[in-house]
K.L.:
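Take a look at this one; I'll ask things after.
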Amino acid sequence: MGYFNPWSVVVGLVIPFVAVVGGVAVLGRSEAVVLGMPLVYFWVFLWFVLTTLCLAASWYLFDRGDFEDEEEV
Amino acid sequence: MATVVFAAIILLSLVLALLAARGRDVLQIEEYLVAGRSFSGVLLFFLAVGEIYSIGTMVGLPGGIYAEGAGYGIWFVGYILLAYPVGYFLAPLVWRAGERYGASTFPDVLKGHYGSRLLEVTAALTFFAYLIPWAQLQFTGLQVALGALGFGVSPTTATAVAAAIAFAYIIFSGVRAPANISILKDILLFGAIVIVGVAAASAAGGISNVFGSAEQLNPSSLRIEGGQAMTFALTTIVFQAFGFITLTTPFIFTGRGGHGEAHVHRDAAVHADVPVPHPGRVLRRKRGAGP
């Protein structure tokens, strides 16, 4: 039996890592500008918000049930 | 004026540190190091946020971009961002192991789980070795910040006074001091970041001009130019995403458990002689499920 929920790992860990590390690798040299920011800066700032949403999704969709006893306090 | 504000904030932080110990027997080691595992989620949040901000946030990161280009800026924000997904999965395990083995520090967990004194001492020495250059950077940054305030004190004096104040926090109140102060620190730093950001953008006449000025000082501050800068940024982001959350785990042990945790704790004591391949596997189960 795995002890992390695999879907939670995909949403909460794999997606942010691939998006940030992969995104920086692909967009790091781009000369595009978004909202006044070079694309690579915009991308990482965007993932500040999206990573938070990913972790919220992991918690509310997959992991919360395993911790329900702690929620009572 | 700046001196008065600065002195008032330092005094306020000392008062908060002293008040933190009120009514607590901080000489008990578990109280001193992990506050009896009593911190609420809100206080843990402030401690976790406080771990992000150091003098590096205000001085090191902007300076790093000017000195070394965009790779430094992206590395800095990237690793801290990715440290939290790692922590999301790792921290509950570390907390449970801490509860199970009565651990107050990460080396305690390793000692409890693997029964190896050698591993415990090696881990403790490694943490210590890592913290020395970190502390040295903090003091260097502090000298830069205090120098900008224009107090005219020597760097050595400034460092000694700062170290004495930080030491005083810990002596009087243990971990409760940084916990209380982190609330003040987080609010002040969040305000400072917003105000500095808005001030810089409006002084430059827009965000794109901020980047334009940075480019004039260092042409590589907008993009990660060159293979070496890219390799540095990518590998260091991944390495430090794990390292950051491991090095800053001590505050995790201060967290308070719920009913399920108390049950698990008793359960673990009853079955202490049963070999457990992985602490989290048993402890993760819901209340009543048993090992």
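Naming: A, B, ... by sequence-line order, numbering from 1 per chain.
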K.L.:
Is it the backbone or the side chain of A/L27 that comes under 4.5 Å from a heavy atom of chain B, or both, or neither?
P.N.:
neither
K.L.:
Are B/M230 and A/V24 close enough that some pair of their side-chain heavy atoms sits under 4.5 Å apart?
P.N.:
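Yes, their side chains come closer than 4.5 Å.
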K.L.:
Does the side chain of B/F89 come within less than 4.5 Å of A/S8's, by heavy atoms?
P.N.:
yes
K.L.:
If we define contacts as heavy-atom pairs under 4.5 Å, which of A/L55, A/V44, A/V20 has the most with chain B?
P.N.:
A/L55
K.L.:
Spell out the residues in residues 45-52 of chain A that have some non-hydrogen atom less than 4.5 Å away from a non-hydrogen atom of chain B, in order of number; otherwise answer 'none'.
P.N.:
A/W47, A/F48, A/T51
K.L.:
Show your reasoning for whether side chain to side chain contact (heavy atoms under 4.5 Å, CB included) applies to A/F17 and B/I237.
P.N.:
CA-CA 10 Å; A/F17 262 78; B/I237 283 173; 5.8 Å; no
K.L.:
State, with a plain yes or no, whether a side-chain heavy atom of A/P16 is found less than 4.5 Å away from one of B/L81.
P.N.:
no
K.L.:
Heavy-atom cut-off 4.5 Å, strictly under: side chain, backbone, both or neither for A/V33 against chain B?
P.N.:
neither
K.L.:
Which atoms of B/L222 come close to chain A, meaning under 4.5 Å heavy atom to heavy atom: side chain ones, backbone ones, both, or neither?
P.N.:
both
K.L.:
Provide the full list of side-chain hydrogen bond (donor to acceptor under 3.5 Å, both in side chains) pairs with a residue in residues 12-34 of chain A, sequence neighbours left out, each pair given once.
P.N.:
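Sorted pair list comes back empty.
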K.L.:
So does A/L13 get a backbone contact from the side chain of B/Y88, meaning a donor-acceptor N/O pair under 3.5 Å?
P.N.:
no
K.L.:
B/A70 versus chain A, heavy atoms under 4.5 Å apart: side chain, backbone, both or neither?
P.N.:
both
K.L.:
Give, as side chain, backbone, both or neither, the part of B/V86 having an atom under 4.5 angstrom from any heavy atom of chain A.
P.N.:
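It is both, since atoms from each part get that close.
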K.L.:
Looking at A/A25, A/P38, A/G12, which makes the most heavy-atom pairs under 4.5 Å with chain B?
P.N.:
A/P38
K.L.:
Distance check, rounded to the nearest 0.5 Å: B/I74 atom CD1 versus A/W43 atom CH2?
P.N.:
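Result: 12.0 Å between the selected atoms.
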K.L.:
Should we count CD1 of B/I207 as having more than 12 external heavy atoms under 6.0 Å?
P.N.:
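12 or below, so no.
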